[in-house]
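Computed from a predicted model, the values in this text were never measured in an experiment. Within every chain, numbering begins at 1; the chains are lettered A, B, ... in the order of the sequence lines, protein sequences first and strands thereafter.
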Number of protein chains: 2
Amino acid sequence: MARSQTPQMATIRDVARLAKCSTATVSRFFNQKYVSPEAEQRIRTAIDALAYSPNVAARNLKLKRSMILGMIIPDVTEPFFPAVVKGVEDAARAHQFSLMLFNTQEDEEREAACVDILLAHQCDGLLLIKAPRGPRHERYRAKLAMLPAPVVYLDRAPDLAADAVLVDNVTGARAGVEHLIRLGHRDIAIIMMGRDVPTHLDRLDGYRRALAEYGIEARPDFVHETEPTMADSYSVTLQLLASANPPTAIFATNARITLGVMAAINSRSLRCPEDISVLGHDGFDWQTVFRPRLTIVEQPASLMGTRAAELLVQRISGDLNGGARRVVLNPELVVRESCGVYREHGAMTRLSSTGAPSSVRPGYSPAVTKEL
Amino acid sequence: MARSQTPQMATIRDVARLAKCSTATVSRFFNQKYVSPEAEQRIRTAIDALAYSPNVAARNLKLKRSMILGMIIPDVTEPFFPAVVKGVEDAARAHQFSLMLFNTQEDEEREAACVDILLAHQCDGLLLIKAPRGPRHERYRAKLAMLPAPVVYLDRAPDLAADAVLVDNVTGARAGVEHLIRLGHRDIAIIMMGRDVPTHLDRLDGYRRALAEYGIEARPDFVHETEPTMADSYSVTLQLLASANPPTAIFATNARITLGVMAAINSRSLRCPEDISVLGHDGFDWQTVFRPRLTIVEQPASLMGTRAAELLVQRISGDLNGGARRVVLNPELVVRESCGVYREHGAMTRLSSTGAPSSVRPGYSPAVTKEL
DNA sequence: TCGTCGTCCGTAATCGTTTACAGTTTCCTC
DNA sequence: GAGGAAACTGTAAACGATTACGGACGACGA
């Protein structure tokens, strides 16, 4: 295929010729080294006249860096990720880095291919959201381990030797489920992603701990797995609701799952929270406006991105010595109205129907950075 | 700042040495030229042994291209954009291009800076969502006009000479407002972004046309401008509701604005659609589940991205001769329940409270590509 | 037998930067 | 006035790929 005819870009040699100096001087002009005011002036006008902009490919070749941060996310369309991306982008730009973004649609093959592309682009560091676990991903994991560029994992970490920014999913889930228990619920179901997703396993752990703390038996038939799609969690919920002993509350462990749960509840003409309570995960603008206003465990998505990017930049610049560093951020329980009070022999009632949602911060310790 | 000590990447020379051939042969191996089977085998094993991956910076320098598509969006966090990004990413990858994404937070300065960065990275083409208009952006527009890389505009186009993928905002808004009129509404307000945003001006145009077609007077006090934030549209709506002659229906021209409108309606304890109808813009998953289920004008976001990326790739490869090309896609009116029937002297009633939302496609002509 | 074509391979120039090295000038200090 | 530091500049060698050019070899047809 023929390439379109674009006007030749000016090079540093053109600038040098026009400014009557050597290329070295022009280069020094850009790199804040000794350049006389007169030369500087001539160079400035030459640059303007030629609309010169340095060729980053050449610079990168020489400098062996690209000022590119690679980021691979499972799905831009899942609203949690854009929030993270925003945080990453802000921090990256603050340090002169650009962001190269890949979207894998949760596809492992595609993800490995993205890593290759990123490496070929000499990207200086990688931000990975999906840390592969389990035997199926052995090859891919081995590859990641010997990458020439530093990697920071977000949300999920493959092992203790990796830099990572995580949230304390156990504590978040525990606080959320405790909230349900204090509202009187005993029959609480959890609908979560599959067994090999670490974050969701942690949420399951938090769920179990809360039950245990209150001496409530953890019923295995209340633990359900689903694909992270609305359709699948919809049918899983339908099943659960049709069972002999349906729960009075459901904890849905991410945004898509929550949507499916609510859809199922709607389709059975149940009211939330009057007939059944729902605890969701991840926070979005619309939740403050549309009904039922969801009570959720909220992750600091944008902050996660920022911290991860900053950690990565430090790694790249070598400012960080020592072993793996991991930043653990705290989720927040945001109480709105989708969880109602449960009374033994009566219907549930709304917890509050008044305006502003209240935000409850259980007694968390502040964000923790652990040196391992 | 010191750079971290990463293991030296293997070069094409290392591969050549190990495979006992010249760098030219290795390069030919990658570019499907004449290479003997024996040499090919040796090169293959050498590549594996060294975990060699070609240095794209060097290749780009030589080939004067980067296989990078640059994309600048106002706000990743606004859910309409990720959907577009997804479409772009898919199409880009299908053609071997990678995506470099920038987020400007609607900041003009930042946007110009992003264009510079992208150019410095020798990106092969640009996807721009915000086409600058008005005298304030004269300099920036001039700069865009003389870019060495092709540009495709998305959603908003600066002039007729530019490639663009647009949606027919006039028709979409017209259909939506017509829907309101047929429901019996006469006092319909519009809350939109400022006068210099072309897409919103088109939506205003559609709104006016619908009113005109039905012989309804367009009241100037029903046209309101707002920043695209929830907070601002909230207070604008509050003002509107407090006026002497409040509307019975509101058309909100994007997702954030819709959120603010709903928040204001809630805070006044009005019910939607019983007390007031709301027509929103742009479609998202949660709208099918949470109440009131919004009736909206929906743009084919992902498709817009795909078409734009494909157009850009064609431009880059020079397959496209002739003048500016523009693709106009059709929005769709999705009827749910936030718009109710208005009866002269009574309350409004729900249009339908039954389950599945119905999707109405007015008699649109199919997507149109015009050669200018 | 010769010429030609197709396959295969290596040498070396090139892309646009940065920077080590070397050199000049100016200015300050003793 | 000698010596040295600081400011400024140019030459040329990298960085790691691609590819024009030229050479070698075998097959094939005339």
Side-chain angles (χ1 to χ4, degrees), chain A residues 3 6-44 46-47 50-68 96 116-117 119-124 148, chain B residues 3 6-44 46-47 50-68 117 119-124 148:
Chain A
R3 293 193 60 82
T6 53
Q8 269 311 311
M9 288 275 271
T11 76
I12 199 173
R13 245 177 286 272
D14 299 324
V15 176
R17 196 175 317 127
L18 206 72
K20 299 189 188 311
C21 64
S22 73
T23 60
T25 304
V26 180
S27 176
R28 278 189 279 255
F29 163 81
F30 279 107
N31 298 291
Q32 359 264 9
K33 305 273 183 52
Y34 305 125
V35 174
S36 68
E38 306 85 53
E40 179 175 331
Q41 194 44 55
R42 292 201 311 275
I43 292 172
R44 259 184 221 290
I47 287 172
L50 298 168
Y52 168 77
S53 123
N55 182 324
V56 176
R59 172 184 290 157
N60 291 347
L61 178 57
K62 184 70 192 171
L63 263 32
K64 294 173 185 298
R65 58 151 178 64
S66 62
M67 301 308 280
I68 293 177
Q96 268 66 267
D116 282 338
I117 296 172
L119 280 185
H121 275 283
Q122 309 294 109
C123 89
D124 292 333
Chain B
R3 297 193 57 86
T6 53
Q8 269 311 311
M9 287 276 271
T11 76
I12 199 172
R13 246 176 286 273
D14 299 323
V15 175
R17 198 175 315 127
L18 205 71
K20 300 190 188 309
C21 65
S22 72
T23 61
T25 305
V26 180
S27 176
R28 278 189 280 254
F29 164 81
F30 279 106
N31 297 291
Q32 358 265 10
K33 305 273 181 57
Y34 306 122
V35 175
S36 69
E38 305 86 53
E40 180 174 332
Q41 194 44 55
R42 292 200 312 275
I43 292 172
R44 258 184 223 289
I47 288 172
L50 297 168
Y52 169 76
S53 120
N55 183 322
V56 176
R59 172 184 289 157
N60 291 348
L61 177 58
K62 183 67 192 173
L63 263 34
K64 295 174 187 298
R65 59 151 176 64
S66 63
M67 301 307 281
I68 293 176
I117 296 173
L119 280 185
H121 275 282
Q122 309 294 111
C123 89
D124 292 332

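Dashed line: the shortest gap from a side-chain N or O of B/S22 to OP1 or OP2 of C/dG10 is under 4.0 Å. OP1 or OP2 of D/dG16 lies within a sub-4.0 Å distance of a side-chain N or O belonging to A/K64. For the pair A/T25 and D/dG10, the criterion of a side-chain N or O lying under 4.0 Å from OP1 or OP2 is met.
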Every protein N/O within reach of nucleotides 6-8 of chain C N/O, cut-off under 3.5 Å:
| from | atom 1 | to | atom 2 | distance (Å) |
| --- | --- | --- | --- | --- |
| C/dT7 | OP2 | B/Y34 | OH | 2.8 |

Taking only N/O atoms, report every protein-nucleotides 21-26 of chain D pair under 3.5 Å with atom names and distance.
none

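To the nearest 0.5 Å, atom SG of residue A/C123 and atom CD1 of residue A/I117 are 11.0 Å apart. Between the CG atom of B/L119 and the NE2 atom of B/H121 there is a distance of 10.5 Å, given to the nearest 0.5 Å. Taking OG1 from A/T25 and NZ from A/K20, the interatomic distance works out to 14.0 Å, rounded to the nearest 0.5 Å. Atom CD1 of A/I47 sits about 9.5 Å away from atom CD of A/E40, to the nearest 0.5 Å. B/Q122 contributes atom CD, which lies 12.0 Å from atom CZ of B/R65 (distance to the nearest 0.5 angstrom).
Residue-level contact check: A/F29 touches neither bases nor backbone, having no heavy atom under 4.0 Å from any strand. Residue contacts for B/F30: at a heavy-atom cut-off of 4.0 Å it reaches no nucleic acid atom on any strand shown.
Although no hydrogens or angles enter the test, the distance criterion places a donor-acceptor pair under 3.5 Å between the side chain of B/D124 and the main chain of B/M67. Side-chain atoms of A/T23 never come within 3.5 Å of backbone atoms of A/I12 as a donor-acceptor pair (strictly under, hydrogens ignored). The closest donor-acceptor contact from the side chain of B/N31 to the backbone of B/S27 lies under 3.5 Å.
Under 4.0 Å is where a charged nitrogen must lie from a carboxylate oxygen, and between A/R42 and A/E38 no such pair does.
Residues from residues 55-62 of chain A with heavy atoms under 4.0 angstrom of DNA chain D, sorted by number: A/L61, A/K62.
The CD1 atom of A/I12 sits 19 Å away from the P atom of C/dT14 (whole-angstrom rounding). The distance between atom CD1 of A/I43 and atom C1' of C/dT17, rounded to the nearest whole Å, is 15 Å. Remark: C1' of C/dG16 and CG of B/L119 are 16 Å apart, rounded to the nearest angstrom. Protein atom CG of A/N31 is 16 Å distant from nucleotide atom P of D/dC8, rounded to whole Å. Taking atom CD of B/Q41 as the reference point, atom C1' of C/dC9 lies 18 Å away to the nearest angstrom. Here D/dA13 presents its P atom at 13 Å from CZ of A/R13, a figure rounded to the nearest Å. Rounding to whole angstrom units, NZ of residue B/K20 and C1' of C/dG10 are separated by 16 Å.
Fit an axis to the five pairs at each end of the helix from C/dT1-D/dA30 to C/dC30-D/dG1 and the two axes sit 40° apart, to the nearest 10 degrees.
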Let me check something: any side-chain donor-acceptor pairs from residues 55-63 of chain A under 3.5 Å, sequence neighbours excluded? List them with distances.
| from | atom 1 | to | atom 2 | distance (Å) |
| --- | --- | --- | --- | --- |
| A/N55 | OD1 | A/A57 | N | 2.7 |
| A/N55 | OD1 | A/A58 | N | 3.1 |
| A/N60 | ND2 | A/V56 | O | 3.3 |

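Scanning all heavy atoms of the two residues, the minimum distance from A/A10 to A/Y52 falls at O-CD1, 3.3 Å. Looking at every heavy atom in both residues, B/A16 comes nearest to B/S22 through CB-C, 3.7 Å.
For B/R13, the salt bridge (Lys or Arg N to Asp or Glu O under 4.0 Å) test picks out no residue, with sequence neighbours left out.
DNA chain C is contacted by both B/C21 and A/S27; B/C21 maps to the nucleotide lying nearer its 5′ end (nearest heavy atom per residue).
Side-chain contact between A/C21 and A/I43: present, with at least one pair of heavy atoms (C-beta onward) separated by less than 4.5 Å.
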